[in-house]
Amino acid sequence: MSAPIVAAGSVKSRPAPRRRSGRAIADILQLLALVALAVFILIPIYWMITTSLKSTNDTFAVPPLFIFPPTAEHYQTIIAEGAVLPSLRNSLIVATGSTALALLLGTPAAYAMARFDFRGKSALWFWFISNRFISPIVVALPFFLLARDLKLLDRHLALILAYLTFNIPLVIWLCIDQFRSIPRDIDQAALVDGAHPWQVFRSIMLPLAIPGVVVSAILCFVFSWNEFLFALVLTRSEARTAPVEASNFMTGFGVRWGAMMATGTLIVLPVVIFAAIVSRHLVRGLTMGAVK
Amino acid sequence: MATADYQSRSVVDAVATAPGGPLRRRVNWTPLTMLLPAVVALLLIGVYPLIYALRTSFQQFLVTKPYLGTPFVGLANYSAALGDPFFRDSLVRTGVFFLLTVPIQVVLGIAVALLLTSSRWRRLSAVTRVLLVLPIATTPTVIGLIGRLIYNRDFGLLNWAFSLIGLGPFNWLGEPKAAMITVALTDTWQWMPFVALVAMSGLTSVPPDIVEASKLETSDVWETFRNVQLPFLLPGLTAVLIIRTADILKMFDMIFVLTRGGPGVSTELVSIYVQRVGFRIFDMGLASAMAILLLILCNVLAQLYIRIFYREIEA
């Protein structure tokens, strides 16, 4: 790892003989800062994973153990207890369902917002976006009572619908920009040829907008996967999602560290790996929302 | 942005004025059919609960005493909320938390962005850039669990690190002031990278020749940053302030797991307190009034930020 970096650094160094030592110090400081930043970010995740693989005795070791005989006992325990895997399945169902529904409802709306002019458009845009800023605590009680009356408590559908409150605005927000960036001539040509706008949307515009759709899908999925408050209020046991399952470890006073970290690893690691793989898209989505 | 707006407007005109009545009619109705599903969905799941919460905030609504019914009590819940010292204290704590986290996250985030965009260690920078998304994607409840482990007084990693330089042990989660700082540190771990990513995208939108020109004029890096780069960061940072304000007003998961608002109520931020009133004490009327007040506060602050900070890049 370090060899190519050093090589790249020395090849690219500028010819500035008088200030070379100053540059060298600056470079080393930058290197230290980069390493410190990487360690700062990785330490909690690293510690979660290693603790999940430590025997209970090793967990309490002082000084902390960085090298230890790994064990899978905590994973075996939590899987045998039978709550974690169903909760992960619930999270997957809810996050996938809500993401799919948000895309289904949100992309046509985003296309209409990007391509048609009508009265009250900017007010509508603002309303769409403002939904994202409503605190879950405001609507948690109405949701709870509604779900109870509709017999949706502890069902996946309740959470799928609840998560639409932040997923639809997200899809609309990000996809408007994507549709706008597609040259006008393309859909105009199809419209002049007599195609119906819905047809144009479905078979021409949507395929071209895939990058933006993917970005918003990723963000919807990650936010839904991680959501806690709605899940806490709207589920009991059958539809309980992984973050709620994780929080249950805190009912006693933090005794089962290994099991806790094994559960955390199962919840976080898939998403974190996924996030690293699609980081380019994720960054685009996060900053697009903030910058525009 | 500006050109996109211009394009969309001009072509919509072209479509709308295309010859023939049927086409015009079609153009008028299609956007409606495209917008309607999303609008109806958001009305049902966004607006209806909000109106319901608003109505509840004018009612006496004690879940544990259903025999009392839910009579309308006017503004009683609002005056109770405003007169509730715990509510006020939780708002003050939320403000303190904001001041403990956001300024540091903004400064650090900009520093990280400058480091990653200007460093000559290209490959390490690229790897670190990928790492920045990890905290944002990490489940907040699990962050709370990890925190309990790392901040543990007896065998936690952090106290061990401090013991290496001869300090501690500290009771990170056990003492009120320390717990607040610990929670702020944890929040910084998760959200400083977000600020850095936004700042980086702002920095890359600065035309490189302007930066070069400024470097010729002054050797002062700070001058270059303040006069040339900072203006490009302001829109993004405004958005960061709005998003973080809304986030902190609704912050729940991580603190709920890490400290449960404790010790005592020392880290009980406002939405944790509202949740306690609503779902532990079960006074839904009061909780709804508090939640509505929060919503208003969030809106007012967002408007304020936009007025104060937003500057056009060209200006």
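Naming convention: chains lettered A, B, ... in sequence-line order (proteins, then strands); numbering from 1 in each chain. Below, each value reflects all heavy atoms present in this structure, side chains not excepted, and no hydrogens, waters or symmetry copies.
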(message) On a heavy-atom basis, which atom in Ser119(B) and which in Leu34(A) lie closest, and how many Å separate them?
(response) OG-CD1, 3.6 Å
(message) Testing the basics here: between Asp27(A) and Trp121(B), what is the closest heavy-atom pair and its distance to 0.1 Å?
(response) O-NE1, 2.8 Å
(request) Select, from Leu157(B), Val130(B), Val40(B), the one with the greatest count of heavy-atom pairs under 4.5 Å involving chain A. (result) Leu157(B)
(message) Take a 6.0 Å sphere around CZ of Phe279(B) and say whether it holds more than 12 heavy atoms from other residues, nucleotides or ligands.
(response) yes
(request) Report the relative orientation of the aromatic rings in Trp257(A) and Phe155(B); use parallel for angles under 30°, tilted for 30 to 60°, perpendicular for over 60°. (result) perpendicular
(request) Kindly give the heavy-atom pair with the smallest separation between Ala38(B) and Ile168(A), and that separation in Å. (result) CB-CG2, 4.3 Å
(request) Could you tell me which non-hydrogen atom of Thr287(A) sits nearest to which non-hydrogen atom of Ser201(B), and how far apart they are? (result) CB-OG, 3.8 Å
(request) Compare every heavy atom of Lys250(B) with every heavy atom of Ser135(A), then report the nearest pair and how far apart it is. (result) OG-CB, 3.2 Å
(message) Measuring from atom CG of Leu124(B) to atom CG of Leu31(A), what distance do you get when rounded to the nearest 0.5 angstrom?
(response) 6.5 Å
(message) Is any side-chain heavy atom of Leu286(A) closer than 4.5 Å to one of Val198(B)?
(response) no
(message) For a 4.5 angstrom cut-off between non-hydrogen side-chain atoms, does Glu227(A) reach Thr141(B)?
(response) no
(request) Can you measure from CG (Leu42(A)) to CG (Leu134(B)) and round to the nearest 0.5 angstrom? (result) 6.5 Å
(message) Between Phe61(B) and chain A, with a heavy-atom cut-off of 4.5 Å, which part of the residue counts as in contact: side chain, backbone, both or neither?
(response) side chain
(message) Set out, in order, the CA-CA distance, both residues' side-chain angles and the distance that settles side chain to side chain contact (heavy atoms under 4.5 Å, CB included) for Thr128(B) and Val35(A), then state yes or no.
(response) CA-CA 9 Å; Thr128(B) 312; Val35(A) 171; over 6 Å; no
(request) May I ask you to test the His196(A)-Thr30(B) pair for a side-chain heavy-atom distance under 4.5 Å? (result) yes
(request) Between chain A and each of Leu36(B), Ile292(B), Val39(B), count heavy-atom pairs under 4.5 Å; write down the option with the most. (result) Val39(B)
(message) Using 0.5 Å steps for rounding, measure from the CG atom of Leu197(B) to the CZ atom of Arg284(A).
(response) 14.5 Å
(message) For a 4.5 angstrom cut-off between non-hydrogen side-chain atoms, does Leu43(B) reach Trp127(A)?
(response) yes
(request) Check whether Ser288(B) gets within reach of chain A through its side chain, its backbone, both or neither, counting any heavy atom under 4.5 Å. (result) side chain
(request) State the CE-CZ distance between Met254(B) and Phe228(A), to the nearest 0.5 angstrom. (result) 12.5 Å
(request) Could you tell me which portion of Ala53(B) (side chain, backbone, both or neither) has an atom closer than 4.5 angstrom to a non-hydrogen atom of chain A? (result) both
(message) Given heavy-atom pairs under 4.5 angstrom as the criterion, report whether the side chain, backbone, both or neither of Ile51(B) touches chain A.
(response) neither
(message) Taking side chain as everything from C-beta outward and backbone as N, CA, C, O, which of these in Leu282(A) sits under 4.5 Å from a heavy atom of chain B? Side chain, backbone, both or neither.
(response) side chain
(request) Quick one: which of Ala61(A), Ala276(A), Ala242(A) has the most heavy-atom pairs under 4.5 Å with chain B, could you say? (result) Ala276(A)
(request) Look at Phe223(A), Phe274(A), Trp225(A), Phe40(A) and state which one has the largest set of heavy-atom pairs under 4.5 Å with chain B. (result) Phe40(A)
(request) Would you indicate whether the side-chain heavy atoms of Pro169(A) and Leu42(B) approach each other to under 4.5 Å? (result) yes
(request) Just give me the residue among Leu145(A), Thr265(A), Val272(A), Leu141(A) that pairs up with chain B most often, heavy atom to heavy atom, under 4.5 Å. (result) Leu141(A)
(message) Given 3.5 Å as the limit, does a donor-acceptor pair link the side chain of Asn226(A) with the main chain of Ala137(B), or not?
(response) yes
(message) Quick check: closest heavy atoms across Met261(A) and Leu145(B), and the distance to 0.1 Å?
(response) CE-O, 3.5 Å
(request) Please state whether the side chain, the backbone, both or neither of Met200(B) comes within less than 4.5 Å of a heavy atom of chain A. (result) neither
(message) So, taking the atom named CG in Leu29(A) and the one named CG in Leu115(B), what distance separates them when rounded to the nearest 0.5 Å?
(response) 10.5 Å
(request) Apply the test side chain to side chain contact (heavy atoms under 4.5 Å, CB included) to residues Val63(B) and Phe144(A): give CA-CA distance (whole Å), side-chain angles for both, the deciding distance (0.1 Å), then the verdict. (result) CA-CA 12 Å; Val63(B) 180; Phe144(A) 171 76; over 6 Å; no
(message) At a heavy-atom distance under 4.5 Å, which candidate from Leu237(B), Asp247(B), Val257(B), Ile150(B) has the highest pair count against chain A?
(response) Ile150(B)
(request) Flag the one option from Val138(A), Thr107(A), Val192(A) with the top tally of heavy-atom pairs under 4.5 Å to chain B. (result) Val138(A)
(request) Examine whether an atom of Asn152(B) lies under 4.5 Å from a heavy atom of chain A, and if so say whether it belongs to the side chain, the backbone or both; otherwise answer neither. (result) side chain
(message) Using only atom types and a distance under 3.5 Å, with no angle test, would you say the side chain of Trp189(B) pairs donor to acceptor with the backbone of Ile41(A)?
(response) yes
(message) Are the side chains of Val271(A) and Thr139(B) in contact, using a 4.5 Å heavy-atom criterion?
(response) no
(message) Can a side-chain donor-acceptor contact be found between Trp198(A) and Thr33(B) if the only test is distance below 3.5 angstrom?
(response) yes
(message) I want to check something: taking the side chain as every heavy atom from C-beta on, are Ile143(B) and Pro44(A) in contact at a cut-off of under 4.5 Å?
(response) no
(request) Applying side chain to side chain contact (heavy atoms under 4.5 Å, CB included), run through Leu37(A) and Val112(B) and close with a yes or a no. (result) CA-CA 8 Å; Leu37(A) 178 64; Val112(B) 166; 3.6 Å; yes
(request) With rounding to the nearest 0.5 Å, note down the distance linking CZ in Arg148(B) to CE in Met260(A). (result) 7.0 Å
(request) Assess whether side chain to side chain contact (heavy atoms under 4.5 Å, CB included) is satisfied between Val222(A) and Ile136(B), documenting all intermediate values. (result) CA-CA 9 Å; Val222(A) 170; Ile136(B) 302 166; over 6 Å; no
(request) State, yes or no, whether a side-chain contact exists between Leu146(A) and Tyr52(B) at a heavy-atom distance under 4.5 Å. (result) no
